[in-house]
Amino acid sequence: MECREAVVSYLSWGLVVGGGAYLLRQMQNCAEYGRYAPMQAHCCPARLGWFLQEVPALFVPLLLLLLPAETGSGTGRRLLVGTFMLHYFHRSIIYAFLTRGRPIPLIIIVSAVIFCSINGFLQGHFLLHCARFEDTWLTRARLTAGVLVFALGMIVNIHSDYILRGLRKPGEVVYRVPHGGMFEFVSGANFFGEIVEWCGYAVAVWSLPAFAFAFFTICSIGPRACMHHRDYQQRFKDYPRSRKAIIPFIL
């Protein structure tokens with residue numbers, strides 16, 4: 001497939017602008033799912049909802065991967081596409097099967113399907129058909145550092161989800177104070193882990209599409225972590241005062 005440089009540029013800047021707009025919106029009203037979902041919303045069961053909304057970001061790059069690529073190092077392309085797909089394999093298959101979250105509003109699922117489809121195409125198409133890597137690229141410190149940061153963020157994200165699942169029995173919708181892991185430092189430990197993941201990915205790829213996605217992630221779930229932090233403080237009078245919302249010791 002031929003590289004569509006104009007499409008990549010437009011979609012990347014669209015993520016940047018969309019992320020900024022989403023940040024401004026969430027500073028006033030948090031996205032309406034989970035604990036913030038309106039009572040009258042039409043919803044889908046949590047497990048099915050998570051699968052449907054996340055799986056396009058797994059399947060779209062996979063389909064692109066099956067097409068012949070004409071530029072760049074095959075090893076580099078597949079390594080970074082695999083890194084991207086690894087997150088969404090966990091999110092759409094493993095996490096979706098294990099989650100005990102609330103039902104998800106249909107409008108959120110539709111929005112997420114659109115976003116994951118577009119972003120899956122953007123990241124996959126850029127890496128497989130546009131990116132050009134030198135022969136020595138795989139030995140560079142930036143790649144190693146980025147992949148290690150991504151792996152660290154994914155570990156934090158998965159461990160934080162495990163802690164949150166342990167707070168509820170099947171069928172429960174109650175909220176309890178999480179303890180352990182990064183929750184000792186921030187209220188949004190799962191969000192912190194995901195932000196670290198995509199920042200590491202952006203460093204490893206070192207491209208506009210990757211940085212645009214990392215920026216959008218920060219804008220979309222960073223404010224949600226702050227809202228969770230305030231919600232915990234309001235629900236629990238003995239909530240740990242030393243915890244921050246999303247950045248340990250700072251914010």
Side-chain angles (χ1 to χ4, degrees), residues 1-23 50-93 109-151 153-154 194-221:
M1 178 184 291
E2 182 179 332
C3 173
R4 307 293 183 182
E5 294 184 5
V7 174
V8 168
S9 179
Y10 290 143
L11 291 179
S12 298
W13 286 112
L15 282 185
V16 172
V17 174
Y22 198 27
L23 173 64
W50 274 103
F51 172 78
L52 292 175
Q53 69 183 21
E54 302 289 324
V55 79
L58 172 64
F59 282 167
V60 171
L62 179 61
L63 291 174
L64 293 174
L65 194 60
L66 298 177
L67 298 175
E70 299 177 357
T71 60
S73 164
T75 302
R77 292 197 303 268
R78 285 165 176 76
L79 171 65
L80 293 175
V81 170
T83 299
F84 178 84
M85 292 170 61
L86 178 63
H87 170 89
Y88 283 102
F89 173 80
H90 172 264
R91 186 61 67 184
S92 62
I93 306 299
I109 294 175
V110 172
S111 300
V113 166
I114 295 172
F115 172 79
C116 286
S117 299
I118 293 174
N119 189 51
F121 170 80
L122 173 62
Q123 305 302 325
H125 178 72
F126 173 81
L127 286 170
L128 294 172
H129 305 295
C130 299
R132 293 173 173 82
F133 303 119
E134 299 176 2
D135 293 338
T136 59
W137 177 80
L138 286 173
T139 64
R140 291 185 178 179
R142 190 186 69 234
L143 169 68
T144 302
V147 172
L148 287 177
V149 170
F150 175 90
M154 190 166 186
E194 187 161 348
I195 287 172
V196 170
E197 275 187 75
W198 296 123
C199 286
Y201 170 80
V203 170
V205 177
W206 207 254
S207 70
L208 177 59
F211 278 99
F213 178 36
F215 176 76
F216 188 94
T217 300
I218 294 170
C219 292
S220 62
I221 63 178

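A donor and an acceptor atom, one from each side chain of Glu197 and His87, are located under 3.5 Å apart.
Val16 approaches Ala212 most closely through the heavy-atom pair CG2-CB, 3.8 Å. Summarising the geometry of Leu122 relative to Ser12, their closest heavy-atom pair is CD1-OG, 3.8 Å, with the distance given to 0.1 Å. Scanning both residues, Leu64 and Gly124, for their nearest heavy atoms gives CD1-C, 3.8 Å. For Val113 against Gln53, the heavy-atom pair with the smallest separation is CG2-CA, 3.7 Å. Considering all non-hydrogen atoms of both residues, Ser117 and Pro56 come closest at OG-CB, 3.3 Å. For the pair Gly120 and Val60, the tightest heavy-atom approach, listed with the atom from each and the gap, is C-CG1, 3.8 Å.
Here Phe121 pairs with His125 under the ring-ring contact (aromatic ring centres under 6.0 Å, His included) rule; sequence neighbours left out.
Ring to ring, Phe59 and Tyr88 are not that close: their centroids are 6.0 angstrom or more apart. With ring centers used as reference points, Phe84 lies under 6.0 Å from Trp198.
Between Val81 and Met85 the shortest side-chain heavy-atom distance falls below 4.5 Å. Contact annotation: the side chain of Trp206 never approaches that of Leu143 to less than 4.5 Å [non-hydrogen atoms, C-beta and beyond]. Residues Leu11 and Pro209 fail the side-chain proximity criterion, which asks for heavy atoms closer than 4.5 Å.
Atoms CG and CG, from Leu86 and Leu80 in turn, are 12.5 Å apart once rounded to the nearest 0.5 Å. The structure places CZ of Phe126 at 9.5 Å from CD of Glu5, a figure rounded to the nearest 0.5 Å. Here Leu128 contributes atom CG and Cys3 contributes atom SG; the two are 11.0 Å apart, rounded to the nearest 0.5 Å. Taken to the nearest 0.5 Å, the OG atom of Ser207 stands 6.5 Å off from the CG atom of Leu127. To the nearest 0.5 angstrom, Arg91 atom CZ is 10.5 Å from Cys116 atom SG. To the nearest 0.5 angstrom, Leu15 atom CG is 14.0 Å from Phe211 atom CZ.
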Check step by step if side chain to side chain contact (heavy atoms under 4.5 Å, CB included) holds for His90 and Met154.
CA-CA 10 Å; His90 172 264; Met154 190 166 186; 3.8 Å; yes
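Taking the six-membered ring where the residue is Trp, Phe115 and Phe213 present tilted rings, their angle falling between 30° and 60°.
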